Trainee: 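Before anything else, here's the structure in question.
Below, all heavy atoms of this structure are taken into account, side chains as well, without hydrogens, waters or symmetry copies. On a predicted model such as this, the values are computed, not experimentally measured, just so you know.
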Amino acid sequence: MADSKAFVLLLRAQMASEEGHTVRARELCEAARADVARGTPPPQFLVMLDLVDAMITASESGPEPALAKLTGALNEAVDKRCSDAIRATVVDSAAGLLSDLGDFPRAARLLGAGDQCWAGRPRPMPEHAQAERIGAAARSALGPARCDAERSRGAALTPDDVLRELDQARSSHATASKAANRR
């Protein structure tokens, strides 16, 4: 029973987050986390809970702190051998955060890695709309040729390569933020 209640809370948290109700989304996410502690959730559930937590964090504090949480979620998904669809959802979300940070080459590479995880299957909604938005932003910033080249490079990335990309992104954006704060 606790597992199903946690699942419903997670879905409600995701919907609240997508609708812009950040405070309510945080409350529901924390309630789901508390409920899940009483059950035995599968790793996919914990990864998706961390993903929703990261998206709420992005709304609360911006993409940088959320990127750290998403990196942890992807690491967990890889370690626990979650399905390609779970990993792809996390990778696509990370691409969105990188796009929000203006890191369009990495965002395009992660979209390519997500393409590979989806293995030719169409992305479901809302992931499809998110990938379209990220792709359009990257294409606009990089130009079509470079965007396509970066996305192709990303298709060859292994899960460990994607984790390295995220670690490098976190490091470079943290350095840039510190430099900006010193000015």
Trainee: Show me the donor-acceptor pairs within less than 3.5 Å that the side chains of residues 66-78 make with the rest of the protein, sequence neighbours left out.
Mentor:
residue, atom, partner, partner atom, Å
K69, NZ, D53, OD1, 3.0
K69, NZ, T57, OG1, 3.0
T71, OG1, L67, O, 2.8

Trainee: Establish whether L163 and L98 are linked, either directly or via other cluster members, by ILVMFWY side-chain heavy-atom contacts under 4.5 Å.
Mentor: yes
Trainee: Determine, step by step, whether D167 and R170 satisfy the salt bridge (charged side-chain N to carboxylate O under 4.0 Å, His left out) criterion, reporting the C-alpha distance in whole Å, the side-chain angles of both residues, the deciding distance to 0.1 Å, and the verdict.
Mentor: CA-CA 5 Å; D167 285 339; R170 288 177 45 221; 3.3 Å; yes
Trainee: Can you list the residues that meet the salt bridge (Lys or Arg N to Asp or Glu O under 4.0 Å) rule with E132, with sequence neighbours excluded?
Mentor: none
Trainee: Please tell me if the side chains of T89 and M48 come closer than 4.5 Å, counting only heavy atoms from C-beta onward.
Mentor: yes
Trainee: Residues two or more places apart in sequence or in another chain: which of them pass side-chain contact (heavy atoms from CB on, under 4.5 Å) with A136?
Mentor: none
Trainee: By side chain to side chain donor-acceptor pair (under 3.5 Å), which residues pair with Q168, not counting sequence neighbours?
Mentor: none
Trainee: Report yes or no: do L157 and V90 belong to one cluster of Ile/Leu/Val/Met/Phe/Trp/Tyr joined by side chain heavy-atom distances under 4.5 Å?
Mentor: yes
Trainee: Once you round to the nearest 0.5 Å, how far does CE of M15 lie from CG of L28?
Mentor: 9.0 Å
Trainee: So, taking the atom named NZ in K5 and the one named CG in D35, what distance separates them when rounded to the nearest 0.5 Å?
Mentor: 4.5 Å
Trainee: Please report the shortest heavy-atom distance between A6 and A32, naming the atom on each side.
Mentor: O-CB, 3.7 Å
Trainee: So does R87 pair up with D84, basic N to acidic O under 4.0 Å?
Mentor: yes
Trainee: Check side chain to side chain donor-acceptor pair (under 3.5 Å) between T158 and all other residues, then give those that pass, not counting sequence neighbours.
Mentor: D161
Trainee: Can you name the nearest heavy-atom pair linking W118 to P124, along with the distance?
Mentor: CH2-CD, 3.4 Å
Trainee: Scan residues 11-22 for pairs that pass salt bridge (Lys or Arg N to Asp or Glu O under 4.0 Å), counting only residues two or more places apart or in two chains.
Mentor: none
Trainee: Would you say R81 has more than 12 foreign heavy atoms packed within less than 6.0 Å of its CZ?
Mentor: no
Trainee: Can you see which heavy atom on L97 is nearest to which on A58, and at what distance?
Mentor: CD2-CB, 3.8 Å
Trainee: Give the minimum heavy-atom separation between A108 and C147, together with the two atoms involved.
Mentor: CB-O, 4.0 Å
Trainee: Look only at the side chain of S99 and the backbone of A95, and say whether a donor-acceptor pair between them is shorter than 3.5 Å.
Mentor: no
Trainee: For S152, give me all partners under side-chain contact (heavy atoms from CB on, under 4.5 Å), at least two apart in sequence or on another chain.
Mentor: none
Trainee: Going by side chain to side chain donor-acceptor pair (under 3.5 Å), name the residues that satisfy it together with D79, two or more places apart in sequence or in a different chain.
Mentor: none
Trainee: Could you list the residues that satisfy side-chain contact (heavy atoms from CB on, under 4.5 Å) with S17, not counting sequence neighbours?
Mentor: A25, M55, I56
Trainee: Rounded to the nearest 0.5 Å, what separation is found between the CZ atom of F45 and the CD1 atom of I86?
Mentor: 11.0 Å
Trainee: Check the pair L9 / E30 against side-chain contact (heavy atoms from CB on, under 4.5 Å), numbers first and verdict last.
Mentor: CA-CA 9 Å; L9 288 166; E30 294 307 318; over 6 Å; no
Trainee: Using every non-hydrogen atom in the two residues, find where K80 and P43 come nearest and quote the distance to one decimal.
Mentor: CB-CB, 3.6 Å
Trainee: Would I134 and V162 show up in the same hydrophobic cluster when neighbours are defined by side-chain heavy atoms closer than 4.5 Å?
Mentor: no
Trainee: Please identify each residue that fulfils side chain to side chain donor-acceptor pair (under 3.5 Å) with R109, with sequence neighbours left out.
Mentor: E150, E165
Trainee: To the closest 0.5 Å, what do you measure between CG (L110) and CZ (R151)?
Mentor: 11.0 Å
Trainee: Pairs in or reaching into residues 92-102: which pass salt bridge (Lys or Arg N to Asp or Glu O under 4.0 Å), with residues at least two apart or in two chains?
Mentor: D92-R123, D100-R133
Trainee: Following the transitive rule for hydrophobic clusters with a side-chain heavy-atom cut-off under 4.5 Å over Ile, Leu, Val, Met, Phe, Trp and Tyr, establish whether L49 and V91 coincide in one cluster.
Mentor: yes
Trainee: Taking ILVMFWY side chains as joined if any heavy atoms are under 4.5 angstrom apart, and letting links pass through other members, which residues group with V23?
Mentor: none
Trainee: Any idea which heavy atoms bring S93 and Q130 closest together, and the distance?
Mentor: CA-NE2, 3.5 Å
Trainee: Out of curiosity, L111 CG to R139 CZ, how far, rounded to the nearest 0.5 Å?
Mentor: 10.5 Å
